[in-house]
Amino acid sequence: MTREYLFEALGELDGDMVCGARETVSARRRLSWRVLVPIAACLVLVIGALAVRGLPHLDGGVMDGESYAVDCEAPPMVCVGRGLYQIAIEQPELEGREDEFQYLGEITGRVDSAERPRESFSANDDLIGCSVYRLDEDIIVEYEGKYLLYELLYNYEDEE
């Protein structure tokens, strides 16, 4: 295509068509990949941080009711009777409420930290010998002088 041919073709266009084309092009502006890549990278970082922050684990970490190390694949769980209990993410103040606790027994078994315990008084964390108490529908595990709340996660009686 020569310059002369292009000039003649454009010269035959109506002025309204040129103005209309200009408006259409400006309305369809696409985002550049140079803008989208940093936005996507930030989104991945935020989602990754939220996923790691939301997983409470105890194996190898400090067990203080507020912070948990992320070392194992499943959250700390205890099986008592036919119920499976998982440690509560937010620990309430339980000191001074001991008269509300009903003693149930002690943790006697341990399974791998990636498994869910299925035998009564077993846990997937190093809790052997810890006392277990009932408080309403949940249980309390006494670990190194501290009371930790475990909430009912699953009832094995539902399987029958």
Side-chain angles (χ1 to χ4, degrees), residues 1-80 82-95 107 109-119 122-128 130 132 135-159:
M1 184 182 296
T2 63
R3 266 193 268 171
E4 292 81 20
Y5 178 75
L6 184 60
F7 182 72
E8 285 180 25
L10 290 176
E12 293 177 14
L13 290 177
D14 186 57
D16 293 334
M17 290 179 78
V18 173
C19 289
R22 181 178 296 152
E23 290 172 11
T24 304
V25 169
S26 64
R28 285 189 338 179
R29 184 176 175 188
R30 298 174 69 185
L31 289 177
S32 169
W33 65 271
R34 291 181 180 151
V35 173
L36 291 177
V37 168
I39 291 172
C42 290
L43 186 61
V44 167
L45 285 174
V46 168
I47 291 172
L50 289 175
V52 170
R53 176 91 171 119
L55 299 174
H57 297 294
L58 295 181
D59 271 5
V62 178
M63 198 165 174
D64 61 3
E66 295 174 10
S67 62
Y68 307 109
V70 182
D71 290 348
C72 60
E73 298 171 18
M77 291 183 261
V78 173
C79 180
V80 175
R82 302 293 290 158
L84 180 64
Y85 299 85
Q86 178 176 323
I87 194 163
I89 294 174
E90 293 186 24
Q91 292 289 318
E93 181 58 45
L94 297 169
E95 297 295 326
I107 303 293
R110 185 181 195 283
V111 297
D112 186 74
S113 62
E115 298 176 23
R116 289 183 169 190
R118 294 189 58 94
E119 292 183 25
S122 64
N124 70 345
D125 200 26
D126 192 20
L127 298 173
I128 292 179
C130 292
V132 179
L135 178 65
D136 300 323
E137 70 216 23
D138 300 321
I139 63 169
I140 306 295
V141 174
E142 184 178 4
Y143 178 81
E144 296 182 354
K146 295 181 182 179
Y147 296 113
L148 299 172
L149 177 68
Y150 281 71
E151 299 172 320
L152 181 62
L153 177 68
Y154 184 76
N155 193 340
Y156 288 122
E157 290 176 359
D158 296 339
E159 291 181 357

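Note that the structure is a prediction, hence the values are computed from the model and not measured.
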Practice item. With side chain to side chain contact (heavy atoms under 4.5 Å, CB included) as the test, would you mind laying out the steps for Asp138 and Leu152 before giving the verdict? Key: CA-CA 6 Å; Asp138 300 321; Leu152 181 62; 4.3 Å; yes

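- Formation of a donor-acceptor pair under 3.5 Å by the Asn155 side chain with backbone atoms of Gly83 is not found in this model.
- When every heavy atom of Tyr143 is checked against every heavy atom of Asp126, the shortest pair comes out as CE1-O, 3.8 Å.
- Listed by chain and residue number, Glu115, Pro117, Asn124 satisfy the side chain to side chain contact (heavy atoms under 4.5 Å, CB included) test with Val111 (two or more places apart in sequence, or in another chain).
- Across Cys130 and Val141, no two heavy atoms sit closer than the pair CB-CG1, 3.8 Å.
- Contacts of Leu153 classified as side chain to side chain contact (heavy atoms under 4.5 Å, CB included), with partners at least two apart in sequence or in another chain: Met77, Leu84, Gln86, Arg116.
- At distances below 3.5 Å, at least one donor-acceptor pair connects side-chain atoms of Asp112 with backbone N or O atoms of Ala114.
- Tyr150 and Ile87 make their closest contact through CD2-N, 3.3 Å (heavy atoms, listed as atom of the first residue, atom of the second, distance).
- To the nearest 0.5 angstrom, Asp136 atom CG is 11.5 Å from Glu151 atom CD.
- When the side chain to side chain contact (heavy atoms under 4.5 Å, CB included) test is applied to Pro92, the partners found at least two apart in sequence or on another chain are Leu94, Leu149.
- Scored by the side chain to side chain contact (heavy atoms under 4.5 Å, CB included) test, Glu95 finds Glu93, Glu98, Tyr147 as partners (sequence neighbours excluded).
- The OG atom of Ser122 lies 10.5 Å from the CG atom of Leu127; values are rounded to the nearest 0.5 Å.
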